[in-house]
Structure formats: structure tokens, C-alpha cells
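Report on one structure; see the data block that follows.
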Amino acid sequence: TGGMLTSVEDMAESNFLVEYADLHTSKTSGFWIGIYRNVNGKYLRQFLWQDNSTLDFVNWAEGQPSEDQLDHCVELSAFSGYWSVLPCSSRKGFICKKPKSAKAIKAHGHMNMWILLTLILIILLGIGFMIYFLFKIKTQSGTESESRQHSTLIEYSHVLTERGDENSANDKEKNEHSVV
């Protein structure tokens, strides 16, 4: 499909066009862009883009646009980047824009999908490793505390058995005295 006169959506795009236009100033001082003034219908005298995008950004030269210039076209100055309304019969260069192809949009969408899936997979793997290591640390610290408790119980039971041995020896001595 063919292109149409360009729309300018923001200052960054305008600066890009002026930079491009500056390369061709030896041939012309300005370039037609895709703004036109509606001369009939619902939006009478309103400026519109030829590609039907909204006219949210404007970069009019001082004193532009003039109300009396109904059927005129809009030029982008190659020197200043400002827009002026001129008769459409003026000899100017032109800047066209082709709409993005459905294939390019679809391919870009598929690329975004793969990037998103890859990021989700990386995040899930990270969460899985985090859970694994937290579980491992918890079970390891639990095992260490159980082993400390077991060691304490062994020491305590060892102390008790030693005391028990001492008590039984004392009891034997008492028993032997009483028997004699």
C-alpha cells in the first residue's frame, strides 16, 4: 500500500522531520505535510490529518493559521520546523508516511509475547529457587536445633544418671550400716 502526506504527532517527530528536511533545503524551503482544512461537512474549517489521526500536536508559525485561507495546504519549513498555510499550488517538496503493515505489527506482537513469556519464566524460576533455599535453610536450622535439644537431653540424662549413681551408692552405704 502507498503512503500519504505525513502526520506529526509530537515535538520529537517534528524535530526528526526538520532534520531530514534540512538535508534537502537546496531543492526547496519547505515540505507539504498531511494537514488540511475541512471545507465542508461536520467539522467545517477544522484542521485534520489526512490519515485521520487526531491533531493533538501543532507547531504553527507566528500568525498562522489564518481564517481566510480555507482551501490551502500546510507546509513544514525546512529551516524553522514551523507550519504555515500556503496555497496548494505552491511548489514544495513533500514528506510521506506509510502506515505500519499488519505483518510488521503482528511480528512485533509475537516478539513481545515471547519476551513476556521469557520474563515470566525467569521470575517463576527465581521464586522457585527462593522457596527451595528458604525451605532448606529452615529445615537445616530445625535439624540443628533438634540436635542441640537432643545433645542437651543426653547431657541432662547423663547428669541425672551420675546423680542417681551417687544416690544409690549412698543408699547402699546406709543399708550396710544398718545391717551391721
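Sequential numbering from 1 along the given sequence is applied to the chain's residues. Since the structure is predicted, the reported quantities are computational estimates derived from the model, not experimental observations.
Clustering ILVMFWY residues whenever any of their side-chain heavy atoms sit less than 4.5 angstrom apart, transitively, puts Ile123 in the very cluster that holds Ile131. If you chain together hydrophobic residues whose side chains sit under 4.5 Å apart, Leu119 and Ile127 never meet in one group. Clustering ILVMFWY residues whenever any of their side-chain heavy atoms sit less than 4.5 angstrom apart, transitively, puts Val58 in the very cluster that holds Val85. Grouping the Ile, Leu, Val, Met, Phe, Trp and Tyr side chains by contacts below 4.5 angstrom, directly or via other members, places Tyr82 apart from Ile95.
Separation of atoms NZ (Lys97) and OG (Ser7) is listed at 3.0 Å; rounding is to 0.5 Å. Summarising the geometry, atom CD1 belonging to Ile137 is positioned 10.5 Å from atom OH belonging to Tyr132; distances are rounded to the nearest 0.5 Å. Interatomic distance, Leu125 CG to Met130 CE, rounded to the nearest 0.5 Å: 12.5 Å. Residue Cys96 holds its SG atom at 8.5 Å from CD of Gln50, rounded to the nearest 0.5 Å. Ser29 OG to Leu76 CG: the interatomic distance, rounded to the nearest 0.5 Å, is 10.5 Å.
The nearest pair of heavy atoms linking Ile35 to Trp49 is CG1-CZ3, 3.1 Å. Heavy atoms only, all atoms of each residue included: Ser14 and Gly81 are closest at OG-O, 4.1 Å.
In this structure, the side chains of Trp60 and Val74 come closer than 4.5 Å at one or more pairs of heavy atoms. Here the side chains of Thr6 and Phe94 are not in contact, with every heavy-atom distance at 4.5 Å or above. Counting heavy atoms from C-beta on, the side chains of Leu5 and Phe31 never come closer than 4.5 Å.
Of the possible polar contacts, none joining the Asn59 side chain to the Met11 backbone as a donor-acceptor pair under 3.5 Å is found. Between the Lys92 side chain and the Glu75 main chain, no donor and acceptor come within less than 3.5 Å of each other. Put simply, the side chain of Ser90 never gets that close to the backbone of Leu86: no donor and acceptor are under 3.5 Å apart. Under a 3.5 Å cut-off, the side chain of Glu13 and the backbone N or O of Glu9 do form a donor-acceptor pair.
More than 12 heavy-atom neighbours from other residues, nucleotides or ligands sit within 6.0 angstrom of CZ on Phe57.
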